[in-house]
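A short write-up of the structure that comes next.
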Amino acid sequence: MSLGFIFTKLALPFAPFLYLLAIGIGGFKQTKEGLTELFFDHTLNVDLLMALAAIGACLIGNYFEGAMLTFIFCLSGALEEYTTNKSQKEITALMNLQPQRALKFFETGETKEVDVTELTINDQVFVPKGAAIPIDGQLMSAVATIDEAAISGESVPVEKQQHDPVFAGTLNQGNPFTMTVTKLSSDTVFAKIIQLVEEAQNTPTKTASFIERIENTYVKFVLLSVPLMILLPHFLVGWTWEESFYRGMVLLVVASPCALVASATPATLAALSNAAKNGILIKGGIHLEQLAELKAIAFDKTGTLTRGKPIVTDSFFLTDDPISKNVLVAMESQTTHPLAEAIINHYELQLTKELQQLTVEEITGFGLTTNYQGKQWHVGKHAYSLAEIKKDEKLATLVEELERQGKTVIFFSRENELLAILGLLDVPKTNAATAVHYFNDSAIHTSMITGDNLGTAKAIATQVGLSAFHAGCTPEEKTAIIKQEQTIYQTNAMVGDGVNDAPALATATLGVAMGKGTDIAIDVADLVLMNSDLDKLVYSHRLSLKLKRIIKQNIVFSIGVIILLILSNFLQFLNLPFGVIGHEGSTILVILNGLRMLQPLAPLKSNNSDRCTPCPLYQAAITH
């Protein structure tokens, strides 16, 4: 094209030939794509409009403008491809983190580097310090320090204990360790993450799908408008045939919907990449779009709003005998019940060898019993007679208050003497109240659906500030409640982590699974919070609202530019090169605006005056 321009200035005869050569070379790819879609898919796209405009410009002798059109269109196409690919960099980074080799232990005791696809379940693998864990498995060494940012988005390393699960793609930041393989390379959490992100990026939003559907119709409308643009001004306004034809070619360019087509997809891809980087898997842009329309959200209790492990919140010993606590801890050390673990962790006592070897009998429905120092000791929900407790007004009031707060009450006795009363509760996660507060402030109805008893459900609902709660629910009842909310609010979400939550997750408009939950819950959910962090749910909602704003901005801007360029062309203010610049420039701006979705969201501004004040019992529980 440059040579053609020079030849034109020097009045040399081969200038048109050079322009045609530039148009043929530069426009070959787009023209081929346009004709391929026309003949094989029977659809019209913007590539064909650009090719027709360049040919039309040449027919009226405007070779330079035809070449300029082709050059700018090709340049903008290259920039579009570059910027769109940029939004997919997170999935590329994830794939690069996926380990390919592993150090396998053989029966001889030697280690040999093998491909991860060769590993089978129960193989022993050695992981050096600083290396990526090659496959999902179970830690065999005593301790390990793992950076799980690749799957959870959390930068703080996790301290793992023996038999804890470890995941492929995470980094060993501590001493070397050994592990046992529990999943094949194709079934690892990391492999599923990559698969889900890839599938999500190929699932467009409703807005993007609608725009793609109207593209073919819109292009047909433009092609029908061009002859009218040529004929009507010539006969009604008195334009020359050359001017009318020229304006028709400009209309082909400026009325093309390139910017409109690019309004949603690049922004959505960028948002999905942003979410993946923060440990949030969203199984398609359509779910992110639905999240912005959320009107109601229901939470499971255990493991979702609460930690999933009870702790001792109240401890009342009725005797000063120091041996009592030691016997209590010694008895609880002989069982694996979650309540026993809570009691052991609460007191943290060093036991004598005699107490460590204490013989304890576990009686189903009663608790634990043992014989020590010639006396019978009992601990459990029924380890002391309620009839005896009711004889003491203070003790009866204490037990009633603990039960009213939804706590599990444990009695500790020796012979017929009550030694202690303990209250245990599965307390809310530290960020549960903050997340619920955010959704309440966003005019989204919040509720809890749990299979737990009424007292416990009410206590947790009050502490975190939920609008409503449903206790004692079976999986079928959970699903029925979700259906009811869907009827009332249209767009609703269910957040859970267990097998019993799966039907409700599948029924809700949006199912949100905790990444540390069961596989079935993760499989049926639309969003997965890899670190089981409710702050990430808030982040997802804010991300969806930002995406909605950006897509609206892009659509309004692209339509506005098209109207402005069409009017400028009809008023004869616009020539073909500037029409191309305006049209393609708007497309680039729309894509760049969409790529703002790659930027991390700013932290929410704290407003202490608006925050719920946790009750003293909750504060005490957190400190234990």
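All heavy atoms count here, side chains included; hydrogens, waters and symmetry mates do not.
The heavy-atom pair separating Gly465 from Thr446 by the smallest distance is O-OG1, 4.4 Å. In terms of heavy atoms, Val127 sits closest to Met179 at CG2-SD, 3.9 Å. Nearest heavy atom pair, residue Asp115 against residue Arg101, reads N-NH1, 3.4 Å. When all heavy atoms are compared, the tightest approach of Phe167 to Pro165 is CZ-CB, 4.1 Å. Nearest heavy atoms, Thr268 versus Gly285: CG2-CA, 3.6 Å. Minimum interatomic distance between Val464 and Pro428 (heavy atoms only, all atoms of both residues): CG1-CB, 3.7 Å.
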Start with the C-alpha distance between Ile460 and Phe299, add both sets of side-chain angles, then the distance that settles side-chain contact (heavy atoms from CB on, under 4.5 Å), and finish with yes or no. CA-CA 11 Å; Ile460 297 299; Phe299 299 88; over 6 Å; no
Would His346 and Ile311 count as a side-chain contact (heavy atoms from CB on, under 4.5 Å) here? Give the steps. CA-CA 7 Å; His346 180 74; Ile311 65 172; over 6 Å; no
Run the side-chain contact (heavy atoms from CB on, under 4.5 Å) check on Leu402 and Ile421 step by step: do they pass? CA-CA 10 Å; Leu402 292 175; Ile421 298 175; 4.0 Å; yes
Stepwise side chain to side chain donor-acceptor pair (under 3.5 Å) test for Gln376 and Thr369: CA-CA 7 Å; Gln376 287 291 119; Thr369 183; 3.2 Å; yes
Stepwise side-chain contact (heavy atoms from CB on, under 4.5 Å) check, Leu269 with Met597: CA-CA 9 Å; Leu269 292 176; Met597 291 303 306; over 6 Å; no
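Between the side chains of Gln124 and Thr180, a donor-acceptor pair is found at a separation under 3.5 Å. Side-chain contact of Thr509 with Gln486: a donor-acceptor pair under 3.5 Å is present, judged by distance alone. Side chains of Lys375 and Gln373: no donor on one and acceptor on the other come within 3.5 Å. Checking Asn274 against Tyr539 by side-chain atom types alone, a donor-acceptor pair falls below 3.5 Å.
No side-chain heavy atom of Lys104 sits less than 4.5 Å from a side-chain heavy atom of Lys112. Using a 4.5 Å heavy-atom cutoff, the side chains of Thr335 and Val360 are not in contact. The closest side-chain heavy-atom distance from Cys473 to Ile481 is below 4.5 Å. In this structure, Val158 and Asp164 have side chains that are not in contact, with every pair of non-hydrogen atoms separated by 4.5 Å or more. Side chains of Met331 and Tyr372 form no contact here, defined as non-hydrogen atoms less than 4.5 Å apart. Side-chain contact between Leu466 and Ser447 is absent, with no heavy-atom pair separated by less than 4.5 Å. Considering only heavy atoms from C-beta on, Thr450 stays 4.5 Å or farther from Phe469 through its side chain. Using a 4.5 Å heavy-atom threshold, the side chains of Tyr347 and Ile343 count as touching.
When atom types are taken as modelled, the side chain of Lys407 and the backbone of Asp314 share no donor-acceptor pair closer than 3.5 angstrom. Within the 3.5 Å criterion, the main-chain N or O of Ile135 finds no donor-acceptor partner in the side chain of Lys183. Arg542 places a side-chain N or O within 3.5 Å of a backbone atom of Ala602 that can act as its donor or acceptor partner. No donor-acceptor pair closer than 3.5 Å links the side chain of Asn278 to the backbone N or O of Lys536. Formation of a donor-acceptor pair under 3.5 Å by the Asp526 side chain with backbone atoms of Gly511 is found in this model. Under the 3.5 Å distance criterion, the side-chain polar atoms of Thr370 are left unmatched by any main-chain donor or acceptor of Trp377. Asn172 places a side-chain N or O within donor-acceptor distance of the main-chain N or O of Asn175, the cut-off being under 3.5 Å. A side-chain donor-acceptor contact under 3.5 Å links Thr313 to the backbone of Gly423. In terms of modelled atom types and a separation under 3.5 Å, the side chain of Lys546 and the main chain of Ala271 share no donor-acceptor contact. Side-chain N or O atoms of Ser141 include one that pairs as donor or acceptor with a backbone N or O of Thr178 at under 3.5 Å.
Paired with Met514 under the rule side chain to side chain contact (heavy atoms under 4.5 Å, CB included), one option of Leu537, Thr304, Val528 passes, and it is Thr304. In summary, of the residues considered (Val512, Leu529, Leu288), a side chain to side chain contact (heavy atoms under 4.5 Å, CB included) with Ile280 occurs for Leu529 alone.
Rounding to the nearest 0.5 Å places CG of Leu419 at 15.5 Å from CZ of Phe316. With rounding to the nearest 0.5 Å, the separation of CG in Leu510 from OG in Ser544 is 9.0 Å. The structure places CD of Glu113 at 11.0 Å from CD of Gln100, a figure rounded to the nearest 0.5 Å. Lys160 NZ to Thr170 OG1: the interatomic distance, rounded to the nearest 0.5 Å, is 7.5 Å. Taking CD1 of Ile297 as the reference point, atom CZ of Phe439 lies at 4.0 Å (rounded to 0.5 Å). For the atom pair CG (Leu527) and CG (Leu505), the distance works out to 11.0 Å, reported to the nearest 0.5 Å.
Under the 30°/60° scheme for interplanar angles, the aromatic rings of Phe411 and Tyr384 are found to be tilted.
Within 6.0 Å of NZ on Lys458 lie no more than 12 heavy atoms contributed by other residues, nucleotides or ligands.
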